[in-house]
Structures are given as structure tokens and as C-alpha cells.
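Can you read through this structure? Questions will come right after.
Positions are given from 1, in the same order as the sequence printed here.
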Amino acid sequence: MTDATASLPSPVPSIPPAVRATRAAALACLLALAALIVAWELWLAPLRPGGSWLALKALPLAAPLPGLLRWRLYTFRWVCLFVWLYVAEGAVRAWGDTPPSNALALIQVLLCAVLFAACAAHVRLRLRAARGS
């Protein structure tokens, strides 16, 4: 008995491993950045004992999550621009804050840089794969 659907092409094109890796890196950095910001402002080095309202700055990081999970190329593109707000904030706090906040700010800048690189590489690899080269 032969299966008639076995000869049909797959509706989901094969995704190159490098594209999968860049998506995984982008998701991991986005989640790590959100977790770092919340932990930083509430427990690790809050401006006030008991936490800070600055933890709310992690909320905008939830906006790109659905698009990244659904492989939306447009989301990867705008995250490349969006992440620079967090780089600027991290750089200012790395320069002006006292320990341990300045070290946490450097970690934030590093996570943002990796997030930017992963999103930019993802866009580039997806466009190259779409062209077929």
C-alpha cells in the first residue's frame, strides 16, 4: 500500500541550521536580557530597597517575542534597531553607576550586542537562502 501524500512536497521548507542557530541565539539573548533587567532592578542592585519601578523597562522586550517565535523576518529587522535603546541605557549606566550596577550594565550591553548580531545574521542568512545562493 502506497501513501499518496508521501510524494507531495513539504509545506514547510527546510530551514538551514545556521538560520535556526541565529534564531535560537536571538531568542536566548532576548529572554536573558529581560531576565537580567528584572533581576537587576528588583533584587541584584535596586535603586531603592524592595525594588524599583525601572523593572518595567523590561516590558517592551516582550513585544518582539511572538514575531521571533513565528520566524517573522520583519520582527528580526526591527529588533536590530530597537535593541540600541537598551545599549544606550546600558552604556550610560556602565559609565555612571557604582558597583554592582556598572557590571550589570556591561552585561546588558554584551547581551544587546549578541542580540543585534544574531538578528542581523538571521536576516542576512534568510535573504540569502531566499535568493537561492
Side-chain angles (χ1 to χ4, degrees):
M1 183 193 279
T2 61
D3 187 17
T5 60
S7 63
L8 294 175
S10 173
V12 178
S14 64
I15 299 170
V19 174
R20 288 182 187 275
T22 56
R23 176 181 174 257
L27 281 168
C29 285
L30 184 72
L31 294 173
L33 183 61
L36 172 72
I37 289 171
V38 170
W40 176 3
E41 299 299 347
L42 294 181
W43 301 290
L44 298 176
L47 292 177
R48 284 184 249 134
S52 170
W53 282 97
L54 288 176
L56 292 176
K57 69 183 175 193
L59 283 178
L61 293 172
L65 196 56
L68 295 181
L69 289 172
R70 291 184 184 125
W71 299 80
R72 302 257 163 98
L73 190 60
Y74 181 75
T75 305
F76 285 92
R77 286 178 172 173
W78 69 259
V79 167
C80 285
L81 300 173
F82 171 72
V83 72
W84 291 104
L85 296 170
Y86 290 91
V87 170
E89 190 254 349
V92 168
R93 290 189 74 177
W95 183 263
D97 282 5
T98 57
S101 284
N102 61 351
L104 295 170
L106 288 175
I107 295 169
Q108 176 177 328
V109 171
L110 178 66
L111 283 172
C112 289
V114 175
L115 176 60
F116 172 79
C119 287
H122 185 87
V123 169
R124 184 179 198 134
L125 291 170
R126 291 252 320 257
L127 293 177
R128 185 179 297 156
R131 280 193 313 241
S133 53

Check Val87 against Cys112 and note the closest heavy-atom contact, atom names and distance.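 Closest approach of Val87 to Cys112, heavy atoms only: CG2-CB, 3.3 Å.
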Where is the tightest heavy-atom contact between Phe76 and Arg23, given as atom of each residue plus distance?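 Scanning both residues completely, I find the closest heavy atoms to be CZ-CG, 3.9 Å.
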Heavy-atom closest pair, residues Ala94 and Asn102: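 That closest heavy-atom pairing would be O-CB, 3.5 Å.
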Min side-chain heavy-atom separation Leu125-Pro16 under 4.5 Å: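 No - every pair of side-chain heavy atoms lies 4.5 Å or more apart.
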Is there a side-chain contact between Val123 and Thr22 in this structure, where contact means two heavy atoms from C-beta onward sitting under 4.5 Å apart?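 Heavy-atom side-chain distance check fails, nothing below 4.5 Å.
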How far apart are the closest heavy atoms of Arg126 and Val19, and which atoms are they?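 Scanning both residues, the minimum pair turns out to be CD-CG1, 3.7 Å.
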Quick check: closest heavy atoms across Ala58 and Ile37, and the distance to 0.1 Å?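 Nearest pair, atom of Ala58 first, then Ile37: CB-CG2, 3.8 Å.
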Can you hop from Leu73 to Val83 via hydrophobic side chains spaced under 4.5 Å?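 Yes, Leu73 and Val83 fall within the same hydrophobic cluster.
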Just by distance, do the side chain of Tyr74 and the backbone of Gly67 share a donor-acceptor pair under 3.5 Å?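 Here the side-chain-to-backbone pair does not exist.
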same_hphob_cluster(Leu44, Val38) at 4.5 Å side-chain heavy-atom cutoff: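 Leu44 and Val38: separate clusters.
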Which one of Trp78, Phe82, Trp84 satisfies the ring-ring contact (aromatic ring centres under 6.0 Å, His included) criterion with Phe116?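 The single option meeting the ring-ring contact (aromatic ring centres under 6.0 Å, His included) with Phe116 is Trp84.
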Within the distance-only criterion (no hydrogens, no angle test), does the side chain of Arg93 pair as donor or acceptor with the backbone N or O of Leu104 below 3.5 angstrom?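 A pair under 3.5 Å: no.
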CG of Leu110 to CG of Leu115: how many Å apart, nearest 0.5 Å?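 Here the rounded value is 11.0 Å.
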Taking C-beta and beyond as the side chain, do Trp71 and Ile15 meet within less than 4.5 Å on heavy atoms?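 Answer yes - side chains close enough.
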Cys80 SG to His122 NE2 distance, which is reported to the nearest 0.5 Å: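 Taking SG in Cys80 and NE2 in His122, the distance rounds to 10.0 Å.
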When rounded to the nearest 0.5 angstrom, what is the spacing between CG in Leu85 and CG in Leu61?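 Reported value, rounded in 0.5 Å steps: 10.0 Å.
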Is the backbone of Leu36 close enough, under 3.5 Å, to the side chain of Gln108 for a donor and an acceptor to pair up by distance?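 Flag not set: sc Gln108 to bb Leu36 has no pair under 3.5 Å.
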At their closest point, which heavy atom of Ala105 faces which heavy atom of Gly90, and how far apart are they?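 Closest heavy-atom pair between Ala105 and Gly90: CB-O, 3.3 Å.
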State plainly whether one hydrophobic cluster holds both Tyr86 and Leu68, where clusters connect Ile, Leu, Val, Met, Phe, Trp and Tyr through side-chain heavy atoms under 4.5 angstrom apart.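 Yes, it is one cluster - the side chains of Tyr86 and Leu68 are joined through contacts under 4.5 Å.
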CZ-CZ distance between Arg72 and Arg77, expressed to the nearest 0.5 angstrom: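 Output value for this atom pair is 14.0 Å.
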